[in-house]
Amino acid sequence: MSDERLSELSERTRYSPREVESKVFARWEEAGVFSPEPEGDASENFSIAVPPPNVTGALHMGHALNGTYQDVLIRRARMRGQRAKWIFGTDHAGIATQVKVEQALANEGTTKEELGREAFIERVWQWRSQYGGVITDQFRQLGASLDYADERFTMDDAYARAVAEVFTRLYAKGLIYRDNYMVNWDPGTRSAISDLEVEQRRLDDTLYMIDYPLESGSGSVTVATVRPETMLADTAIAVNPGDERYTRLIGERAVLPLVGRSLPIIGDEYVKMDFGTGALKITPGHDPNDFEIGRRHGLEEISVIGEDGRMTEAAGERFAGLTTDDAQKAVVKALREGGCLAGTQPYTHDVPHSHRSGMRIEPLISLQWFCDMEQLAGPAIDAVRDGRVRFSPERPHTQVYRDWLENIRPWCVSRQLWWGHRIPAWYRGGEIHVGTEAPDGDGWVRDEDVLDTWFSSGLWPFATLGWPEQTEQLRAFYPTDVLATGRDIIFLWVARMVMLGIEFTGEVPFADVSINSTIMAPDGRRMSKSLGTGIDPLDEIAEHGADAVRFGLVAMSSTQDVRFSADRVRQGLDLANKLWNASRLILLGVQQGVEPSPDRAQPQHPADVTESLLAEDRWILSRLERVTARTEAQIDAFELSSAALGLYDFFWSELCDWYLEMAKGRLHEETGVRSSPDRRSDSGPETGVRSSPDRRSDSGPETGVRSSADQRSDSGPPQRVDRTAVSATLLFCLDRTLRLLHPLMPHVTEEIWSFMPGERGLLTTAQWPAADPRRFDEHAEAELGRTIAAVTELRRYRELAGVKPSAILPARLVGGSLDGMAGQIARLARLDLAEVDRAPVAEVPVAGGAVELLPSDAFDPDEAGRRIQAQRDKLADEVRRLEHKLGNERFVQRAPAEVVQGEREKLDEYQRALARLG
RNA sequence: GGGCGCGUAGCUCAGUUGGUAGAGCGCCGCCCUUACAAGGCGGAUGUCGCUGGUUCGAGCCCAGCCGUGCCCACCA
């Protein structure tokens, strides 16, 4: 490392994401690592198609979490050496975009109708060029390693050709057809919408009882309705054929009040005998159920409500032109005056509303294009059933997906909008031609409507790669590996991609579907602009850095919805800062020249570099392998939250809190045990402190960076200091930690990486580590487990006994099993193990033995004795609890032997400890 | 109406095949120990929604109840 960089590292005591992140991101982009060559095939490569954000949208928390999930997977794959393509692009988002542009026009005092269709669409394209790049920049700020250089848009020419091709082929197969059918009409957008775009809202309403006189003159039938205005389109009355009250009426006729139309009374199983009056007015033109009944019975279909939400001429001149609300009032008034209103009652029920405009859905019969989904659904169900597509978490999504597909209904795909993929159908008189090009001959008129946005979104994983052309991209990256998204669009998008993917490519579009948490506002409500509950991820990035936001979001996520936790983001920033500072300690403190081999693919393991590893070195190296293995498994299972928190815990609690503290002694040239306040004791280790078989002393003790070890070792008294092992171990741990954390926190790790010794290139293309189980060291883990427990116990004792933190207590280890770690125990618990000949004044029981405290000014045994009563009580409680448990014959007999044995050992240990304290 | 979740420390949430309840933040005490005070060390805090059952043993399994949320659905 150059002196310049060294002093830079030395001076920056705080990690500043703002300065680092954009700089680091630029290095990745310059290196072109986000854009893999389209070589090889999809089985060896790795790809994810990003859920395309709305072209004029802005990054929200959902994008940030979802994006981080994908980026972790993509970055890991890239580090594994795979060609990793994260397919990027935006969605034209038909209605959403059209509404925005219409609003802009309204502000200018004009409308799209004044502009005309062509000019309006031109205007939308302008809008897109103005705002389409916003979300791209925002993904960059998040650090997302999308293939920005190969951006797609669902309205690109090539994409549009794919859409038309799909429509045409489905039509040819008879799966797409045009029909007059009942649709969900949204008076807000003046378009039909699909079932999935309808949401139910609870409404307090009124149920009206209306008498329909029988034509025979012998009384009347009373029906119940919440929409009396639709009676103007009634064409029948239906009763349940099994309803004894009415069976005699079936086949008779009634007179429609206000209108005078003669209505047949029909029998249909659909009618519930126990609801309302048991008699149902049938309005095939304005109610989905009535529509079905009407078709079953061949009833006339009358429309009295128009696409503008107002009553049509067919409603009669008293009502034509009124809104449905006004018409309802007028109808009720007229009925009341005519004596036909038998009564009303309050009624609360669910009413369909447009998800998009919020307006009440008006069921209408309309000429629309439909896609018959049943044939497409079968293979999509199979794909999930046989595991070619897997949901994570498996439940409940797998079942929900299957249930929906098994009960699938036709999909209304036409929309009465201007912005979108124009339906590739041409008409001339009664002729219809469907195809990507207009047919020859004059007089053909193209369909005015566009396709549902989700129709084009459903082709996303393969249309982005050039389908229907057999492109290199398609061969290299389709099928994709993972789809990561939220549960809200499993039907709208995921299921349709599976169906269309299988239909048109013969393969499932992705193998895994990772469903990530929905991030709720801190108060538990949905995050939304209109509620004022939204938290802008960009604000969080500006304040805490992208890595902190990435860590925080992933850490707070789970298999269910979670509330946004600012603390988790803060925790992410703290982690970044801690990483930075631990790295400073390591990089400024290690002996030069012992860095892992410059071969950045596989750094040399410290055990292969030196034979003088100590127990703590072997311990942390073993823990490192374990966290490596665990992280890998967790990412494979899409349990990124566990992976993030597991890495945090390893790094902070094990590497920093314990290993780095232990390592400082050797880094700062201490010779093992500090036996006296003297810093430079040459007396060497006492009491058999170190277990290492052979301690070489060929390296220098100075704290300076430039080692002059070789000169030193030849002169003066032998220094029993070897910084090789600790340096190699520290660098190896840091190297590995940076690699493991890089997919999640790419900026800070890349920045630190740049200070690592050797020519290592970019971390983002360095090799992803694989755990080596041969490096697991049960022995060292057990020994350090005892050491850590002992130190903690001693610290607790000191605190309880009122010993000053700075005081160094003369002490002696007894019991033997801690001897190998005596030096570290002495350092960390601030003991002086030098004096051996005085009688102890107190004994502290610890895991694996005990520590005798020798007389000193800093320790008052009487005071200590009084204070540790609480500890004694606690031990006594444990002993009692275990004695009771082991005294239970049924437990001893029936519990597994190892459980009983474990309890016995614990009891034994507690009893011995208590005896010492007693 | 059907289905699926959730209810664990003051807050937000983890709790893998049942074996003495965890994290972050917050709180209390002590430390400016030259990587980090956005730090370190130590500590306190939970009848794991309620009731019953299975089991030697239940936060975890079973039944019921209460509270709460989401998804689906064509009862006027």
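Below, chain A is the first sequence line, B the second, and so on; all start at residue 1.
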Trainee: Regarding A:Arg795, tell me which of base, sugar-phosphate or nothing describes its non-hydrogen contacts under 4.0 Å with the strands shown.
Mentor: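 Touches sugar-phosphate only.
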Trainee: Is NZ or CZ of A:Lys272 both nearer than 6.0 Å to the six-membered ring centre of A:Tyr270 and within 45° of the ring axis?
Mentor: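 Flagged: A:Lys272 positioned over aromatic ring of A:Tyr270.
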Trainee: Please determine, for B:G26, whether a Watson-Crick or G-U wobble partner exists with both distances under 3.5 Å, and give it or none.
Mentor: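 Answer to the pairing question: none, since B:G26 forms no Watson-Crick or G-U pair.
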Trainee: Reckon A:Arg409 has a side-chain N or O less than 4.0 Å from the OP1 or OP2 of B:C74?
Mentor: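 It does, given that an N or O in the side chain of A:Arg409 lies less than 4.0 Å from OP1 or OP2 of B:C74.
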Trainee: P atom, B:U45 versus B:G1: distance in rounded Å?
Mentor: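 46 Å, rounded to whole Å.
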Trainee: Short question: side chain of A:His349, backbone of A:Tyr347 - any donor-acceptor pair under 3.5 Å?
Mentor: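 It does not hold such a pair.
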Trainee: Considering Watson-Crick and G-U wobble pairs with both distances under 3.5 Å, what does B:C74 pair with?
Mentor: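 Base-paired to nothing in any strand shown.
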Trainee: Using a strict threshold of under 4.0 Å (side-chain N to carboxylate O), is an ion pair present between A:Glu362 and A:Arg227?
Mentor: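 A:Glu362 and A:Arg227: salt-bridged.
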Trainee: Which part of the nucleic acid, if any, lies within reach of A:Tyr910 when heavy atoms closer than 4.0 Å are counted: base, sugar-phosphate only, or nothing?
Mentor: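 Base: the residue A:Tyr910, judged by heavy atoms under 4.0 Å, touches a nucleobase.
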Trainee: Under 4.0 Å between any heavy atoms, over every strand shown, what does A:Ser558 touch: base, sugar-phosphate, or nothing? Just pick one.
Mentor: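 Result for A:Ser558 = sugar-phosphate.
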Trainee: Hey, does A:Glu661 reach any base, or is it just sugar-phosphate, or nothing, if we go heavy atoms under 4.0 Å?
Mentor: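 Result for A:Glu661 = base.
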Trainee: Can you tell me the Watson-Crick or wobble partner of B:G7, both distances under 3.5 angstrom?
Mentor: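 Partner of B:G7: B:C66.
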Trainee: When the nearest nucleotide of RNA chain B is assigned to A:Asp403 and to A:Cys656 on a heavy-atom basis, which residue is associated with the more 5' position?
Mentor: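 First, find each residue's nearest nucleotide; the 5'-ward one identifies A:Asp403.
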Trainee: What is the distance, to the nearest angstrom, from the CZ atom on A:Phe650 to the C1' atom on B:A23?
Mentor: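 Atom-to-atom, A:Phe650 to B:A23, this comes out as 18 Å.
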Trainee: Under 4.0 Å: is that the gap between some side-chain N or O of A:Trp652 and OP1 or OP2 of B:G40?
Mentor: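 So the side chain of A:Trp652 is within the cut-off, an N or O lying under 4.0 Å from OP1 or OP2 of B:G40.
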Trainee: Is there a Watson-Crick or G-U wobble partner for B:U33 with both distances under 3.5 Å, and if so, which one is it?
Mentor: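 For B:U33, the partner nucleotide comes out as none, under the 3.5 Å rule.
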Trainee: A:Phe491 and A:Trp411: aromatic ring centres closer than 6.0 Å?
Mentor: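 No, they do not, as the ring centres are separated by 6.0 Å or more.
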Trainee: Does B:A35 have OP1 or OP2 under 4.0 Å away from a side-chain N or O of A:Arg12?
Mentor: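 Result: no.
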Trainee: Base, sugar-phosphate, or nothing for A:Asp574, non-hydrogen atoms under 4.0 angstrom?
Mentor: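 Touches a base.
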Trainee: Need to verify one output field. Residue with the more 5' nearest nucleotide on RNA chain B, A:Pro522 or A:Pro396?
Mentor: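 The answer here is A:Pro396.
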Trainee: Please tell me if A:Arg563 has a side-chain N or O lying less than 4.0 Å from either OP1 or OP2 of B:U12.
Mentor: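 Yes.
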Trainee: Check every strand shown and say whether A:Asp657 touches a base, only sugar-phosphate, or nothing at a heavy-atom separation below 4.0 Å.
Mentor: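 Sugar-phosphate only.
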Trainee: Return the minimal non-hydrogen interatomic distance between A:Tyr246 and A:Thr277, and the atom names on each side.
Mentor: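 Heavy-atom minimum between the residues: OH-O, 2.6 Å.
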Trainee: For nucleotides B:G69 and B:C25, find the distance between their P atoms and express it as a whole number of Å.
Mentor: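 Comparing P positions in B:G69 and B:C25 gives a spacing of 31 Å.
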Trainee: Using only side-chain N and O atoms of A:Thr792, determine if any of them is under 4.0 Å from OP1 or OP2 of B:C41.
Mentor: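 For B:C41, OP1/OP2 do not have a side-chain N/O of A:Thr792 under 4.0 Å.
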Trainee: At less than 4.0 Å, is any side-chain N or O atom of A:Tyr347 found next to OP1 or OP2 of B:A76? Yes or no.
Mentor: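 Answer yes for this pair, as a side-chain N or O of A:Tyr347 is under 4.0 Å from OP1 or OP2.
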Trainee: Please state the C1' separation for the pair B:U33 and B:A44 - nearest whole angstrom.
Mentor: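 Straight-line distance between the two C1' atoms is 26 Å.
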Trainee: Rounded off to whole Å, could you give me the CG-to-C1' distance for the A:Asp287 and B:A76 pair?
Mentor: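 About 7 Å, once rounded to whole Å.
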Trainee: Which part of the nucleic acid, if any, lies within contact of A:Glu903, taking any heavy atom under 4.0 Å across all strands shown: a base, the sugar-phosphate backbone alone, or nothing?
Mentor: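 Nothing, no nucleic acid heavy atom in range.
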Trainee: Taking B:C71 as the reference, what is the distance to B:C65 when you measure between their P atoms (whole Å, please)?
Mentor: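 24 Å, rounded to whole Å.
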Trainee: NA contact type, A:Lys804, heavy-atom cut-off 4.0 Å: base, sugar-phosphate, or nothing?
Mentor: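 Since no nucleic acid heavy atom lies under 4.0 Å of A:Lys804, the category is nothing.
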Trainee: Hey, is the side chain of A:Ser565 poking within less than 4.0 Å of OP1 or OP2 on B:G24, counting only N and O atoms?
Mentor: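 Result: no.
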Trainee: Does the side chain of A:Lys281 get closer than 4.0 angstrom to OP1 or OP2 of B:C75 through an N or O atom?
Mentor: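 Indeed not, no polar side-chain atom of A:Lys281 lies that close.
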Trainee: When we call it a touch if two heavy atoms are under 4.0 Å apart, what does A:Val226 touch: a base, just sugar-phosphate, or nothing?
Mentor: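 Sugar-phosphate only.
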Trainee: With rounding to whole Å, what would you report as the distance between B:A21 and B:U12 at their P atoms?
Mentor: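 It comes out at 23 Å once rounded to the nearest Å.
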Trainee: Distance check: side-chain N/O of A:His349 vs OP1/OP2 of B:A76, anything under 4.0 Å?
Mentor: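 Affirmative; the distance criterion is met.
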Trainee: On a whole-Å scale, what distance lies between the C1' atoms belonging to B:G64 and B:G10?
Mentor: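 Nearest-Å result for B:G64 against B:G10 at atom C1': 32 Å.
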Trainee: At under 4.0 Å between heavy atoms, what does A:Val271 touch on the DNA or RNA strands: base, sugar-phosphate, or nothing?
Mentor: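 Here A:Val271 touches the bases of the nucleic acid.
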Trainee: Could you give the distance separating B:G57 and B:A73 at their P atoms, to the nearest angstrom?
Mentor: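 About 47 Å, rounded to a whole number of Å.
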Trainee: Indicate whether OP1 or OP2 belonging to B:A35 is found under 4.0 Å from a side-chain N or O atom of A:Lys664.
Mentor: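 Yes, A:Lys664 has a side-chain N/O under 4.0 Å of OP1/OP2 on B:A35.
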Trainee: With a 4.0 Å cut-off, would you call A:Asp268 and A:Arg296 a salt bridge?
Mentor: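 So A:Asp268 pairs with A:Arg296 through a salt bridge.
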Trainee: B:A14 pairs with which nucleotide, Watson-Crick or G-U wobble, both distances below 3.5 Å?
Mentor: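 Its partner: none found.
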Trainee: Determine the minimum heavy-atom distance between A:Glu199 and A:His355, stating which atoms define it.
Mentor: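 So the two residues come closest at OE1-ND1, 2.7 Å.
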Trainee: For A:Arg14, report the nucleic acid contact type (base, sugar-phosphate, nothing); a contact means any heavy atom under 4.0 Å.
Mentor: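 The answer is base, as A:Arg14 lies within the cut-off (heavy atoms under 4.0 Å) of a base atom.
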Trainee: Is the cationic atom of A:Arg5 (NZ for Lys, CZ for Arg) positioned less than 6.0 Å from the six-membered ring centroid of A:Phe755 and within 45 degrees of its normal?
Mentor: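 A:Arg5 over A:Phe755 ring: yes.
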